[in-house]
Amino acid sequence: MYLEIITPEKKVFAGEVRLVQVPGTKGSFEILHNHAPIISSLQEGTVRYITNEGVEKTVELNGGVIEAKNNHITILGEFT
Amino acid sequence: MAGLKEIRTRITSVKSTRQITQAMKMVAAAKLRKNQEKILMLRPYANKLEQIMVSIRQGLENDVENPLMQDRPPEKVLLILITSNRGLCGAFNNNAIAKAIEVATTEYATQWKQKQLSFFAIGKKGADFLKSKNYPLEGSNTEIFDKLDFAGVVELETHFTDLFLSGKYDRIDFIYNQFKNAAVHILTHETFLPVIGKENKEKEKPGIKMDYIFEPTRDELVNDLIPKTLRIQFYKVLLDSFSAEHGARMTAMHQATDNANELIKELTLHYNKARQAAITKEILDIVGGAEALKQ
């Protein structure tokens, strides 16, 4: 599945991943392949994702929103 | 005809002026390009945000109630006038200022007469003008353009949202130069607050409609996203005005350089004519002297 992390000032990440973990407003959750379509707001916290090569990366965000559909995930975030 | 030396000094001074205007043109062009990149970076975010907004609102029976969307009768109005910090950019600032005064005295004539209209100046030129005329000024910000980034925008946006929510103003409008290309910018007047609910609901595109899971709820999501869209709008307006400023300066400096070239050409012609006249005169003197000796 494809992940994009965008802020108003730049594109932080774009690429294939196999796991995304985000700090949802109602609690942290993970997105794996073929997740049901979802739109959720995010609170301040860490976004963690694992690329197809198995590299784990994290990004600190100051809130935002995530949309996932058809294995295409977009995170609109804001930095502190 | 002016003396040889005088013309020579004038040519040198015009040449150095040309060098300055040329350099300023280059600087403006470089800044413009850098700013354009920022606009390009913003675009995917803005597009996606709008798309998400549409997805959330799609199929929502009645639109969400949000204090930022409260459309009160516009008794107290705030006009945000966006100008530049520096001059030498042609009619850029004057146009924006004239437009602001025009909007204040025509569209908001009643509020203007009742002294219920204030300005907020972003950019030094507008602030200076409003102060010198003693127009009601809510505040001014001249630092934002020193380092135009999203964090600064958020701060200002929060300030305006608070002014609106506290009921100090019922309507907040922008006056700014919208960037079209380096030579063309469009003076724009648009409403910032209240947020206008999308009455012409986006036509639901068949096939694209998805059964999303919404977390926490649709209403809360919309309320969460509205301030974000406002920030994006504000950021875009500032970037636009900044681009337009550099575009205007580029054009103005280009013209100045052209004028300097023209002037140099003319002066050089004068100089050569004067030089030739001087030489001719000298030869005549010598010849005249020689003739006199012969006799």
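Each chain gets a letter, A, B and so on, in the order the sequences are listed, and its residues count up from 1.
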For [X], is it the side chain, the backbone, both, or neither that has a heavy atom closer than 4.5 Å to a heavy atom of chain A?
{"X": "B/Arg43", "result": "neither"}
{"X": "B/Gln51", "result": "side chain"}
{"X": "B/Leu42", "result": "both"}
{"X": "B/Tyr235", "result": "side chain"}
{"X": "B/Leu49", "result": "both"}
{"X": "B/Leu225", "result": "side chain"}

inquiry  = Tell me whether B/Arg72 forms a cation-pi arrangement with B/Phe164, defined as NZ or CZ under 6.0 Å from the six-membered ring centre and within 45 degrees of its axis.
reply    =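 Cation-pi check for B/Arg72 and B/Phe164: passes.
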task = Return the minimal non-hydrogen interatomic distance between B/Ile144 and B/Val153, and the atom names on each side.
result =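 The answer is CD1-N, 4.0 Å.
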request  = Looking only at non-hydrogen atoms, find the nearest pair between B/Lys125 and B/Arg86 and report the distance.
outcome  =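 Scanning both residues completely, I find the closest heavy atoms to be CE-C, 3.6 Å.
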task = Output the distance between atom CZ (B/Phe174) and atom CD1 (B/Ile80), rounded to the nearest 0.5 Å.
result =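 Spacing of CZ (B/Phe174) from CD1 (B/Ile80) equals 4.5 Å.
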request  = Begin from the C-alpha positions of B/Ile122 and B/Leu156 and carry the test side-chain contact (heavy atoms from CB on, under 4.5 Å) through to its verdict.
outcome  = CA-CA 10 Å; B/Ile122 296 179; B/Leu156 259 182; 4.1 Å; yes
inquiry  = So for A/Ser41, is it side chain, backbone, both, or neither that comes closer than 4.5 Å to the heavy atoms of chain B?
reply    =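 Both parts, backbone and side chain.
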key: Heavy-atom pairs under 4.5 Å with chain B, option from A/Ile39, A/Thr25, A/Ile66 with the top count   =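 Winner by heavy-atom pair count: A/Ile39.
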Salt-bridge criterion met for B/Lys31 and B/Glu245 (N-O under 4.0 Å) =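 B/Glu245 and B/Lys31: not salt-bridged.
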